[in-house]
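Everything below concerns the one structure shown next.
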Amino acid sequence: MNTTYFEAVYDVVRVIPKGRVTSYGAIADFLALGSARMVGWALRQSLDEALPIPAHRVVNRQGELTGRLHFSTPTRMAELLIAEGSMVEDNRVVEFKTRYWHPREMLGI
DNA sequence: CCAATGACGACTT
DNA sequence: GAAGTCGCCATTG
């Protein structure tokens, strides 16, 4: 398989600031490659391979923790977010709008 | 080879 | 603004 796309996604996810979150679409948009579905696909592999990727900081466009079922336990994703200062209620990031981080910011914008 | 299936998102009603 | 529809694209049946 071509790991180039995976590495590109991981590079972005790795630099998501602690306490902030981003969306699948934002990453796909920033890379101008693949699609939001592919980002989710890549992140699932990262969990299977137990790579040091903060995949819990990536949620869908509505701030919902749609990928929580892929973690070791269904509540693991929320616990990780809460542990670093984000508040989660009903599988959704509270104040998602203000905690949203676009990969564009990693370029100094 | 064709159909269904997702860690999704934009668009239309 | 919530709910439904369609596009997306690799993987799986």
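The sequence lines fix the lettering, A, B, ..., with proteins before strands; numbering per chain opens at 1.
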Side chain A:Arg20, main chain A:Arg99, donor-acceptor under 3.5 Å:
yes

When rounded to whole Å, the CG to C1' distance for the pair A:Asp29 and B:dA10 reads 12 Å

For the residue pair A:Trp41 and A:Phe6, is the inter-centroid distance of their aromatic rings smaller than 6.0 Å?
yes

Assign A:Ala42 to base, sugar-phosphate, or nothing according to its heavy-atom contacts below 4.0 angstrom with the strands shown.
nothing

Could you give the distance separating B:dA4 and C:dT5 at their P atoms, to the nearest angstrom?
16 Å

Taking the side chain of A:Met38 as its heavy atoms from C-beta onward, which of B:dA7, C:dC9, B:dG9 lies nearest to it?
C:dC9

For A:Ser23 and B:dG9, is the shortest distance between a side-chain N/O and OP1 or OP2 below 4.0 Å?
yes

Expressed as a whole number of angstroms, how long is the span from A:Gln62:CD to C:dA3:P?
10 Å

Give the rounded distance in Å between these two atoms: CD1 of A:Ile53 and C1' of B:dA7.
15 Å

Give the rounded distance in Å between these two atoms: CD1 of A:Ile27 and P of B:dG9.
10 Å

Could you tell me how far apart A:Arg61 (CZ) and C:dG1 (P) are, to the nearest whole angstrom?
13 Å

More than 12 heavy atoms of other residues, nucleotides or ligands under 6.0 Å from CZ of A:Arg14: yes or no?
yes

Counting only side-chain heavy atoms from C-beta out, which of B:dA7, C:dA10, B:dG9 sits nearest to A:Trp41?
C:dA10

Given atom CG of A:Leu33 and atom C1' of C:dA10, what is their separation to the nearest angstrom?
13 Å

Considering every strand and a 4.0 Å limit on heavy-atom distances, what is the contact class for A:Leu47: base, sugar-phosphate, or nothing?
base

Base, sugar-phosphate alone, or nothing: which one does A:Phe71 contact when heavy atoms must sit under 4.0 Å apart?
base

Could you tell me whether the side chain of A:Asp90 and the main chain of A:Arg92 form a donor-acceptor pair under 3.5 Å?
no

Please answer: with hydrophobic residues joined when any side-chain heavy atoms are less than 4.5 Å apart, are A:Phe71 and A:Tyr10 in the same cluster?
no

Atom pair distance, as rounded to whole Å: NE2 in A:His70 and C1' in C:dT11:
13 Å

A:Leu80 CG - B:dA7 P separation (whole Å):
18 Å

By nearest atom, which of the nucleotides C:dT11, B:dG9, B:dA7 is closest to the A:Arg44 side chain?
B:dA7

Nearest of C:dC8, B:dG9, B:dA7 to any side-chain atom of A:Ser35?
C:dC8

